[in-house]
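What follows is a short report on a single structure.
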Amino acid sequence: MASSAISPPEAAVMPLRLPRQVGIFALLLVCEFFYGWAWNTVDVLRPFIREALGLSLLQAGSAYSAQGAGALVGAIVIGQMADRFGRRRMLATLVIGYGVMLLAGVVVGSYIQLLAQRFLLGFFAGASFPVVVGIYVNLFSPTLRGRLAGMLNATFSLSIVMLGVGMSMVSGEHWRLLLWIGGIPPLALSFLTFALIPAGSTVDLVQRATTRLPIGELFVPDLRRQTLMLAAMTGLNFFGYAAFSGWLTTYLTGDRGFTPAMAGELVAWQFTGNIVGGFLWGWTADRFGRRFNAIGFGIASLAIVGYLLAPSDPMLLKVLGLAYGGALCSSVIWGPWMAELYPSHLQSTAASIFNWGRIISFFAPLITAQIAGTFGMRTAMFTAAIAFTSAAVLWLMQRETLVRPTKA
């Protein structure tokens, strides 16, 4: 692929010293923590939000849909703005944006206000992934990017754990305190962004004047097939996750007959696998290449089949859940890999392809619910294995981007 035909001329950029590089990545880790905190309040605090606003189950669940829709729009819009006007500015904008929108949840007093607040929170939070990817892929060498992604993945998971701990420490009437805790620090982080990331540096990379929108460049003839295949791959990933993980507690407490407490314990093992798997697959992607991690989706598919066919032995299901959660994290490399597949001035826009798959996730619950109603919940959840296997095939059909230095 001759990227010179589609890349605008770029001015010289300012290199960064190692202490500044480490400081910037530390900033990204802190931002990732509060992004994860803000994003997951829609699920973790759902019982409190529902009671405070008098919502039905459907209304409470639709808040996540509003947030997901905002994330799709934000990833596309702000991802392009980051490539056009600089990632430094856009990181500061999205961090202060999701901080303010989380704080707005304190004064939300109706269902309509909740939908608007969650859409706007999703708009800013959804842009975090493409903008952060566009920054850290330019901080260190390509052979470290997978491990950097693994650290960010673990930080996001840690935020969920800490949010759960916080929920257990506050009484029901003081749940809004968790919105304050998660919303105020990002306001300071947005200013720290300007202090740590120099304008015009290698991680800022402002796109020079061009008549084409960044997203339009993803669909030029040389890149169109690649872009569509990546979008399909991410869509299958979201479908698979919704088809299995989305129905898992319902399946465990319904078809399997476990208590809610035991179901929660079984699901927790998946999060453990998620954290450990992020580090493992980040290392394999740096060692063996980005396409190597497609093996993880194959393992996840086998774990799903084993889970659904296994007897109701809690320890066996814990092990299978651990394997599923760990294998699913093989996609931790997708952000850097998608950025590497495109010219440097399109890295944030390219990373936003990950969020395009959310369109599929909007329909996955409806499709799987129809299958469950006709053929049973287990059959519906089997479609997750098909989705992940299909995504792995599309993954392997893409080109490898990791080039390791050769020894003389």
Return the [atom1] to [atom2] distance between [X] and [Y], rounded to the nearest 0.5 Å.
X    : Y    : atom1 : atom2 : answer
N138 : S344 : CG    : OG    : 7.0 Å
F48  : E173 : CZ    : CD    : 10.5 Å
F288 : N293 : CZ    : CG    : 10.0 Å
F297 : S331 : CZ    : OG    : 4.5 Å
E51  : L45  : CD    : CG    : 12.5 Å

Short side-chain donor-acceptor distance under 3.5 Å, [Y] and [X]:
X    : Y    : result
Q226 : Y342 : yes
R88  : T193 : no
T143 : D286 : no

Whether [X] side chain and [Y] backbone form a donor-acceptor pair below 3.5 Å:
X    : Y    : answer
N40  : I160 : no
W37  : G183 : no
Q59  : L55  : no
W334 : A351 : no
S348 : A82  : no
R291 : L396 : yes
R87  : V131 : no
R225 : P221 : no
W281 : G326 : yes
S190 : L187 : yes

Answer whether the closest heavy-atom distance between the side chains of [X] and [Y] falls below 4.5 Å.
X    : Y    : value
T234 : M229 : no
P198 : L16  : yes
M81  : R89  : no
D255 : M377 : yes

Which pairs, with at least one residue in residues 251-278 and sequence neighbours excluded, count as a ring-ring contact (aromatic ring centres under 6.0 Å, His included)?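 Residue pairs with at least one partner in residues 251-278: there are none.
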Pairs touching residues 106-144 that satisfy ring-ring contact (aromatic ring centres under 6.0 Å, His included), sequence neighbours left out: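 Qualifying pairs, neighbours excluded: F129-F354.
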Would you say the ring centers of F363 and F239 fall short of 6.0 Å from each other?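 Here the rings of F239 and F363 have centres that are no less than 6.0 Å from each other.
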I would like to know whether T284 and R290 meet side-chain hydrogen bond (donor to acceptor under 3.5 Å, both in side chains); could you show each step before the answer? CA-CA 8 Å; T284 59; R290 314 320 192 193; over 6 Å; no
Pick from L248, V305, T368: which one makes a side chain to side chain contact (heavy atoms under 4.5 Å, CB included) with M381?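 When side chain to side chain contact (heavy atoms under 4.5 Å, CB included) is applied between M381 and each of L248, V305, T368, only L248 qualifies.
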How close do [X] and [Y] get, counting heavy atoms only, and between which atoms?
X    : Y    : answer
I371 : A380 : CG2-CA, 3.6 Å
A127 : L94  : O-CD2, 3.7 Å
S352 : A75  : CB-O, 3.3 Å
I304 : A384 : CD1-CB, 3.8 Å

side-chain contact (heavy atoms from CB on, under 4.5 Å) involving S110 - partner list, sequence neighbours excluded: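 If we apply the side-chain contact (heavy atoms from CB on, under 4.5 Å) test to S110, skipping adjacent residues, the hits are I112, Q113.
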E32 and N153: CA distance, side-chain angles, deciding distance, side-chain hydrogen bond (donor to acceptor under 3.5 Å, both in side chains) verdict: CA-CA 9 Å; E32 186 76 7; N153 174 77; over 6 Å; no
Heavy atoms from other residues, nucleotides or ligands near CZ of F194 exceed 12 (cutoff 6.0 Å):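 Buried by this count: over 12 neighbours within 6.0 Å.
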